[in-house]
Amino acid sequence: MGRIPAAGDAAAAGRGGTAPVRVVLAGAHGHGWWHLANLRRLHSAGTVEFAGVCDLRPVEGLPEGVEFSGDLVELIGRTGAEVTILCTPIQTHADLAVKALRAGSHLLLEKPPAATFAGYERIAAVAEETGLACQVGFQSLGSEAVPAVRKMIADGVVGRVTGIGAAGAWERSYPYYSRVPWAGRRVLDGVPVVDGALTNPLAHAVATALAVSGAGIDGVEVELYRANAIEADDTSCVRLRMDDGTAVTVAVSLCADRRHEPYLIVHGEAGRIRLTYTEDRVEIGGTSVTYPRTDLLENLVAHVRHGTDLLVPLERTAGFMRVLEAVRLAPDPLPIPDRFQEVGEERRVLPGIAQVTTASAERLALYSELGPPWAPGVPAAGTGAGRTSEERHAAMTGAAEWEAPTGPPGSAAETVALDVSGVRVAEYVVRAEVPVTSSPRPYLHPVRTLGGTAVTEAAPADHVHHLGVSVAVSDVGGTNFWGGRTYVRDRGPAWLGDHGTQRHLGFSWRDPAGFGESLAWAAPDGTELAREAREVRATELDGCWALDFSFTLTNLTGDPLPVRSSATKGRAGAGYGGFFWRAPGSARDRRVFTEDAEGEDAVHGSRAPWLAMSSAGWTLVFVQRADPWFVRAVDYPGAGPALAWDTPLLVEDTLTRRVVTVVADGPLSRAAAAALASEVAP
């Protein structure tokens, strides 16, 4: 190759006499070739002077005048380099970054910044000590699309944000993992590498989602899998609990049939934003805008010469490094059996993986919550969570219960139908497509009368966390299984990032009229607090039908498990929690009554053996004898027994409840409701 034209006096004069910044590149192979091309471009433009290359292997075709050395410190000293681009193996980043900074050079440090959080902290300490800049090579954060999305969020374009989901599915052939000794490794010669899908090839998905969120991380859940014969993950997901009460999920794989452009979705109560970060493209409300992107080396040069703010300073990547550290400390990736793969001559493919990653971004769910056959309900690794590698392997190879979804992986939701004499009266949503702030849980919706009138509502605008008919409790051992904000004594409702999940584990029996189900009640960090055995059955009556719903909750914590309501924390009358039925808010002529009381004020908190709620088109008669009634009829229609009306309920071992609800067309009289209640009484 010929000599690169000198970035001489003419170019300097064109920039007001400012000399080009002298730059050296450490690591010229692999991704280093991209930096070589970029250096040639910027050298020709007079922005930088391409001064040298450091590598342990010869680099062919270097332009004349470009120095070469196997010693980075020596090269920086010899060339007077003001900037070093560090594009070496992950496990070398911390040591070489420290050496370059101490040699007096600013840094463009390729992602990930280091293989451990401790390594990241070493670099940060030396950067602060020397006063030199360290820019991290997350190119997606150089895009103007990121601040544009953040402004849309700040301006309330999509309402309150409930979560951010990111997805990416690429393909990689076998040679990808044999190209260098550290590829696909978690550790090499006793030194951490952490070369997994989340932390290297698709690390931008994590970094971009964190940049859009802007919140701090309160907790990390990680699930790692591998289809290839490697140490690290090639298929993985993470869920981050943010300190603003939202969730950020990232689901990625290198085992797709082809490249699917990675993207993220901002879920808002009034809409959503889609950012395809590799294309700098933002879509919202049917419009699509592509934004410009600033080269990170050019930005670093502008910082060195003119004090321009860095786009990706090292401190901005602390959140990403927390995720990397969680991946590093997680159990080894779970092998995906060959029977779930397409094993070809060139690569391995997980059929439908792009749809599964999409479902994760849509539902803010982990793979184990979505139920692909290679991830059957395995809890995520996180603080206080997870199983041993042996237990996880047993689950993967068939020891765990798993049932195939009714639709393909990534379908909107898995549902089970309930019929009465051939009439479809209800659908049970097994895996809910709701944000984490709604405390995801199975629920019945729509539920209908025999005449076809809907008597449930899910995710209404007034309370988006109300989900048809479900078991929802505001506080079980400090975890919110109700959804929405958590009531805090002497403070009021607050977003705490404490939302739990009721995860479907399997059905013990099913027929057209009902089912038996097993569920796990998990805290935000994945810790399983309780197991539930649930039975639901539709029973035909004369001209109407009844929903028989029972559940037994088994405490797994080893200590008494407190069940609380907002009322137990000081919010008078807010004793909600337990079996809860949200009826349609559009219903006219709403009425609530018991055998001897009428109206919301009179029946709320009562211990009547039955409670009726009616409208112009339907009547519901709830029957149970264990708990006081929580009732709303004016602001919205909803009712259910209150497990902890005004004092906490301590579950030592098990808690069992049963509620039978008559579902009838039209308004019923008190006498008719009483007769039906007597007929179905448990």
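Please read these numbers as outputs of a predicted model, since none were measured by experiment. Residue indices begin at 1 and follow the sequence shown.
- Residues L107 and A100 come closest through the heavy atom pair CD2-CB, 3.9 Å.
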>> Checking R172 against D234 for the salt bridge (charged side-chain N to carboxylate O under 4.0 Å, His left out) test, could you report, in this order, the C-alpha distance in whole Å, the side-chain angles of both residues, the deciding distance, and whether it holds?
In response: CA-CA 9 Å; R172 287 292 185 267; D234 56 33; over 6 Å; no
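- Residue I153 holds its CD1 atom at 10.0 Å from CG of D155, rounded to the nearest 0.5 Å.
- Atom CG of L254 and atom CG of L202 lie 5.5 Å apart (nearest 0.5 Å).
- Here CG of L25 is found 10.0 Å from CH2 of W33. Values are rounded to the nearest 0.5 Å.
- The main-chain N or O of A205 is never found under 3.5 Å from a side-chain atom of T208 such that the two would form a donor-acceptor pair.
- Between the side chain of S360 and the backbone N or O of A365, at least one donor-acceptor pair lies under 3.5 Å.
- Taking 4.5 Å as the limit, every side-chain heavy atom of L188 sits out of range of all side-chain heavy atoms of V191.
- Closest of all the heavy-atom pairs between R491 and L496 is NH1-CD2, 4.0 Å.
- The side-chain heavy atoms of V323 and L240, taken from C-beta on, include a pair separated by under 4.5 Å.
- In this structure, L42 and L297 have side chains that are in contact, with non-hydrogen atoms separated by less than 4.5 Å.
- Of the listed residues (L296, L108, T47, D295), just one forms a side chain to side chain contact (heavy atoms under 4.5 Å, CB included) with V301, and that residue is T47.
- Contact of the S288 side chain with the R281 side chain is registered, since non-hydrogen atoms from C-beta on lie closer than 4.5 Å.
- For the pair E144 and R293, the minimum side-chain heavy-atom distance is 4.5 Å or more.
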>> Let's go through V59 and H29 carefully: what are the C-alpha distance in whole Å and the side-chain angles of both, what is the deciding distance for side chain to side chain contact (heavy atoms under 4.5 Å, CB included) to 0.1 Å, and is it a yes or a no?
In response: CA-CA 8 Å; V59 179; H29 296 90; 3.9 Å; yes
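- Judged by distance alone, the side chains of S173 and E346 never bring a donor and an acceptor atom under 3.5 Å apart.
- Side-chain atoms of H303 and D309 form no donor-acceptor pair, as typed in the model, at a separation below 3.5 Å.
- Taking a cutoff of 4.0 Å between a charged side-chain nitrogen and a carboxylate oxygen, R22 and E82 do not qualify as a salt bridge.
- Judged by distance alone, the side chain of K111 and the main-chain N or O of N200 form a donor-acceptor pair under 3.5 Å.
- Between the side chain of R305 and the backbone N or O of A19, at least one donor-acceptor pair lies under 3.5 Å.
- The shortest distance between side-chain heavy atoms of S105 and L132 does not fall below 4.5 Å.
- Side-chain contact, T479 with D498: no donor N or O sits under 3.5 Å from an acceptor N or O.
- Taking 4.0 Å as the cut-off between side-chain N and carboxylate O, E231 and R186 do not count as a salt-bridged pair.
- Counting heavy-atom neighbours within 6.0 Å of E121 CD, excluding the residue itself, gives a total above 12.
- Atom-to-atom distance recorded for L101:CG and E128:CD is 12.0 Å, nearest 0.5 angstrom.
- With contacts defined as side-chain heavy-atom distances shorter than 4.5 Å, the pair L366/T249 does not qualify.
- Between M242 and I217, some side-chain heavy-atom pair lies under the 4.5 Å cut-off.
- One distance of note links CG of L224 with SG of C237; it measures 8.0 Å at 0.5 Å rounding.
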>> If you apply the rule side chain to side chain donor-acceptor pair (under 3.5 Å), what do you find for T276 with E261, and how did you get there?
In response: CA-CA 7 Å; T276 306; E261 291 303 323; over 6 Å; no
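- Side-chain contact of T79 with E67: a donor-acceptor pair under 3.5 Å is absent, judged by distance alone.
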>> Between D95 and R122, does the salt bridge (charged side-chain N to carboxylate O under 4.0 Å, His left out) criterion hold? Intermediate values first, please.
In response: CA-CA 9 Å; D95 287 344; R122 281 181 59 210; 2.9 Å; yes
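- Considering all non-hydrogen atoms of both residues, Y367 and V252 come closest at OH-O, 3.0 Å.
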>> Show, in sequence, the C-alpha distance, side-chain angles and deciding distance for W34 and Q139, and conclude whether the side chain to side chain contact (heavy atoms under 4.5 Å, CB included) test is met.
In response: CA-CA 12 Å; W34 184 91; Q139 284 288 346; 3.8 Å; yes
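- Within the 3.5 Å criterion, the main-chain N or O of P440 finds no donor-acceptor partner in the side chain of H499.
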> Passes side chain to side chain contact (heavy atoms under 4.5 Å, CB included), D195 versus T199? Steps please.
Replying inline: CA-CA 6 Å; D195 180 39; T199 53; 5.7 Å; no
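- A donor-acceptor contact shorter than 3.5 Å is absent between the side chain of D233 and the backbone of S236.
- The heavy-atom pair separating I90 from P112 by the smallest distance is CG2-CG, 3.8 Å.
- With respect to E325 and R328, a salt bridge is recorded, a charged nitrogen being found less than 4.0 Å from a carboxylate O.
- Side-chain contact check for T162 and T437: no donor-acceptor pair (N or O, by modelled atom type) lies under 3.5 Å.
- Side-chain N/O atoms of D244 and T246 include a donor and acceptor closer than 3.5 Å.
- Applying the side chain to side chain contact (heavy atoms under 4.5 Å, CB included) test between E223 and each of P333, P331, S368 identifies S368 as the sole match.
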>> With side chain to side chain contact (heavy atoms under 4.5 Å, CB included) as the criterion, how do V53 and V66 come out once you've worked through the C-alpha distance, each side chain's angles and the decisive distance to 0.1 Å?
In response: CA-CA 7 Å; V53 169; V66 175; 4.2 Å; yes
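- Between R150 and V212 the shortest heavy-atom distance is NH1-O, 3.1 Å.
- Counted by atom type alone, H93 and E110 present zero donor-acceptor pairs between their side chains at under 3.5 Å.
- Under the 3.5 Å distance criterion, the side-chain polar atoms of S44 are matched with a main-chain donor or acceptor of R40.
- D55 places a side-chain N or O within donor-acceptor distance of the main-chain N or O of R57, the cut-off being under 3.5 Å.
- Looking at H106, its side chain does come within 3.5 Å of a backbone N or O of A133 through a donor-acceptor pair.
- Under a cutoff of 6.0 Å and an axis angle of 45°, R179 and Y176 form a cation-pi pair.
- Residues H35 and C87 share a closest heavy-atom pair of CD2-SG, 3.9 Å.
- Here CZ of F138 is found 10.5 Å from CZ of R316. Values are rounded to the nearest 0.5 Å.
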>> side chain to side chain donor-acceptor pair (under 3.5 Å) for T527 and D525? Distances and angles first, verdict last.
In response: CA-CA 6 Å; T527 301; D525 65 3; 2.8 Å; yes
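- Remark: side-chain polar atoms of S213 are not paired, donor with acceptor, to backbone N or O of A209 under 3.5 angstrom.
- For E283 and R272, the salt-bridge test fails: no basic side-chain N is under 4.0 Å from an acidic carboxylate O.
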